[in-house]
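One is the number of the first residue; the rest follow in order along the sequence.
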Amino acid sequence: MEITPHDITVRELVNGYENNEEDGVVGFGGLLNIRPKYQREFVYTENQQREVIYSIFKGYPLNVMYWVKNEDGSFELLDGQQRTLSICSFYEGRYFIKHNGREKGIENLSPEALNQFLDYKLRIYICENGTSDEKVEWFKIINIAGEKLTNQEMLNAVYAGPWITAVKKRFSKTNCLAYKLAKDYINGRTIRQDYLEKVLKWMSENNVESYMREHQFDTNSDAQWQYLDAVIGWVKRNFPHYRSQMKGVEWGYLYNKYKDTFFSASELENEIVQLMKDDDVENKSGIYPYLLTRQEKYLNIRAFKDGMKATAYERQNGICPHCHNHFESAEMEADHIIPWSRGGHTTLDNCQMLCRECNRRKSDN
């Protein structure tokens, strides 16, 4: 693989620039593919874009960019997409900057300022005569300057193909179908691949890379879309009264295990109301997995405070009420006399100190 440095001007870069949702993004006289399949969605904020343009007008050097030369003489942008699109979007008139104390767009720059912008030189490293694996490996090494790739973005690069193109349309665009369907239930940003990663984790039971390897050459994303639709539909049927605490719950894993189990939505709602009022339940979002699994670990039941522990220890004279042996306070653990699941609360009158062995034995029963 050969890597050689080149200098091009902004004028050359923006020549023939087109940004089309269906046909892709091109520049450099139509020879540069600015958004290959392995590239991330555009993530720079408008302020970050402006900083790129300010650097140009101040004559500061931008970080180098990396292109791959194809056999037909065209190029793919391997690294530098954020800076490239910032430059091209300004040239296209998508946003304004402060120049000489006034807001200026490309159309109302003075001829001198316009030429200063267009004649600015960018340092490009061009890679050619490399295999696909070498190019992807290079992509991993150089990463994205200033915006580190997420794990899912990296996997998208490694398993680029028709399926990634299809799945990103539904899961990785701003206001995409997945966002509109699941925005109240999934945390994160679609353009940083959070929705896609979440769904693939759910579907693969955390074996995302194996799943992507298996589906790399699929031609559509119907299976992933139908799965997400099924998950959200199942959640809405069982928990029709929406609360903000439902966002971020690992619904897919719960769906995988309990989708064929009958739950009464009205009975679940009655329990939710009571649990939301319970001060001992510190993790309100955990109410939902708790109701399906009946595992108290999801609720993060309020622990006894140190003062309560000390009072209970002195009250017992350091004697474990189960094995009747004496222990130092550091050798004992606080426990609910009446378990929380049977109506006991995290209060001093319901606190007892057990030795570690007895407490673990009780927890296992």
Side-chain angles (χ1 to χ4, degrees), residues 152 167 169-190 192-208 210-212 215 220-303 336 338-346 363:
Q152 189 58 50
V167 83
K169 286 183 178 179
R170 279 173 163 159
F171 291 87
S172 303
K173 307 288 185 181
T174 301
N175 293 323
C176 60
L177 291 175
Y179 176 79
K180 292 176 180 177
L181 175 67
K183 66 181 185 298
D184 292 331
Y185 302 92
I186 296 178
N187 287 320
R189 299 169 61 195
T190 53
R192 293 312 303 269
Q193 312 306 313
D194 295 324
Y195 279 50
L196 175 58
E197 181 179 46
K198 181 65 67 178
V199 169
L200 296 183
K201 281 184 174 180
W202 289 347
M203 294 186 76
S204 67
E205 294 288 347
N206 284 328
N207 295 310
V208 175
S210 296
Y211 183 92
M212 293 183 70
H215 293 275
N220 62 69
S221 59
D222 292 350
Q224 295 75 39
W225 172 250
Q226 289 169 13
Y227 174 84
L228 179 60
D229 186 57
V231 170
I232 301 304
W234 175 80
V235 174
K236 289 180 175 180
R237 286 193 298 275
N238 285 294
F239 303 103
H241 182 78
Y242 180 79
R243 294 176 174 87
S244 61
Q245 290 84 359
M246 296 171 72
K247 187 169 185 175
V249 172
E250 295 288 358
W251 291 115
Y253 300 133
L254 297 169
Y255 168 82
N256 295 345
K257 189 170 184 179
Y258 297 104
K259 64 179 181 294
D260 296 323
T261 303
F262 172 76
F263 297 97
S264 167
S266 59
E267 291 177 5
L268 290 174
E269 176 60 20
N270 289 336
E271 286 193 78
I272 292 171
V273 171
Q274 297 306 312
L275 290 168
M276 286 290 180
K277 296 176 182 177
D278 192 332
D279 291 336
D280 281 347
V281 176
E282 294 192 331
N283 180 22
K284 301 301 185 184
S285 292
I287 290 172
Y288 296 94
Y290 165 74
L291 290 175
L292 300 174
T293 67
R294 297 298 164 173
Q295 296 181 33
E296 291 181 15
K297 66 179 182 180
Y298 291 108
L299 299 175
N300 192 21
I301 300 300
R302 184 160 59 97
H336 290 78
I338 301 174
W340 174 85
S341 60
R342 298 178 187 174
H345 295 286
T346 309
S363 298

Between Lys173 and Thr190, the two heavy atoms sitting closest are O-OG1, 3.0 Å
Here the gap from Asp229 atom CG to Leu177 atom CG, rounded to the nearest 0.5 Å, amounts to 10.5 Å
salt_bridge(Asp278, Arg302) N-O dist < 4.0 Å: no
Closest non-hydrogen contact found for Val249 with Trp202 is O-CZ2, 4.1 Å
message: Does Trp225 form a side-chain contact (heavy atoms from CB on, under 4.5 Å) with Lys169? I'd like the steps, not just the answer.
response: CA-CA 11 Å; Trp225 172 250; Lys169 286 183 178 179; over 6 Å; no
dist Asn175:CG -> Lys183:NZ (nearest 0.5 Å) comes out at 9.0 Å
Backbone N or O of Met246 within a donor-acceptor pair of the Trp251 side chain at under 3.5 Å?
yes
By ring pair (Phe, Tyr, Trp, His ring centres under 6.0 Å), Trp234 pairs with (sequence neighbours left out) Tyr255
The single option from Arg192, Gln152, Gln193 that satisfies side-chain hydrogen bond (donor to acceptor under 3.5 Å, both in side chains) with Ser172 is Gln193
Check: Would Glu197 and Phe171 count as a side-chain contact (heavy atoms from CB on, under 4.5 Å) if you check the C-alpha gap in whole Å, the side-chain angles of each, and the deciding distance to 0.1 Å?
Finding: CA-CA 9 Å; Glu197 181 179 46; Phe171 291 87; over 6 Å; no
Could you tell me whether the side chains of Asn283 and Tyr290 share a donor-acceptor contact shorter than 3.5 Å? no
Do Asn207 and Tyr211 pass the side-chain contact (heavy atoms from CB on, under 4.5 Å) test, and can you show the C-alpha distance, the side-chain angles, and the key distance before you say yes or no? CA-CA 6 Å; Asn207 295 310; Tyr211 183 92; 5.8 Å; no
Looking only at heavy atoms, the pair that brings Lys284 and Met276 closest together is NZ-O, 3.0 Å
Those residues at least two apart in sequence (or on a different chain) that pass side chain to side chain contact (heavy atoms under 4.5 Å, CB included) with Asp184 are Tyr242
To the nearest 0.5 Å, atom CG of Asn187 lies from atom NZ of Lys198 at 7.5 Å
Set out, in order, the CA-CA distance, both residues' side-chain angles and the distance that settles side-chain contact (heavy atoms from CB on, under 4.5 Å) for Tyr253 and Asn206, then state yes or no. CA-CA 10 Å; Tyr253 300 133; Asn206 284 328; 2.6 Å; yes
| field | Whether over 12 other heavy atoms sit under 6.0 Å from Lys201 NZ | value | no
Of all heavy-atom pairs linking Val199 and Gln224, the shortest is CG1-O, 4.2 Å
For Ser341 and Glu296, the nearest pair of non-hydrogen atoms, with its separation, is CB-OE2, 3.1 Å
*asked:* For the NZ atom on Lys257, are there more than 12 heavy atoms of other groups (residues, nucleotides or ligands in this structure) within a distance under 6.0 Å?
replied: no
So CG of Asp280 and NE2 of His336: to nearest 0.5 Å the spacing works out to 5.5 Å
Given the options Leu268, Leu299, Leu292, Ile287 meets side-chain contact (heavy atoms from CB on, under 4.5 Å) only with Leu299
In this structure, CD of Gln245 is separated from CZ of Phe239 (nearest 0.5 Å) by 13.0 Å
_Regarding Arg294 and Glu271, does a basic nitrogen lie under 4.0 Å from an acidic carboxylate oxygen?_
yes
Sorted by chain and residue number, the side chain to side chain contact (heavy atoms under 4.5 Å, CB included) partners of Thr293 (sequence neighbours excluded) come out as Leu254, Tyr258, Gln295, Tyr298
Going by heavy atoms in the side chains, are Leu291 and Phe263 under 4.5 Å from each other? no
In short, Asp222 meets Arg170 closest at the heavy-atom pair OD1-NH1, 2.9 Å
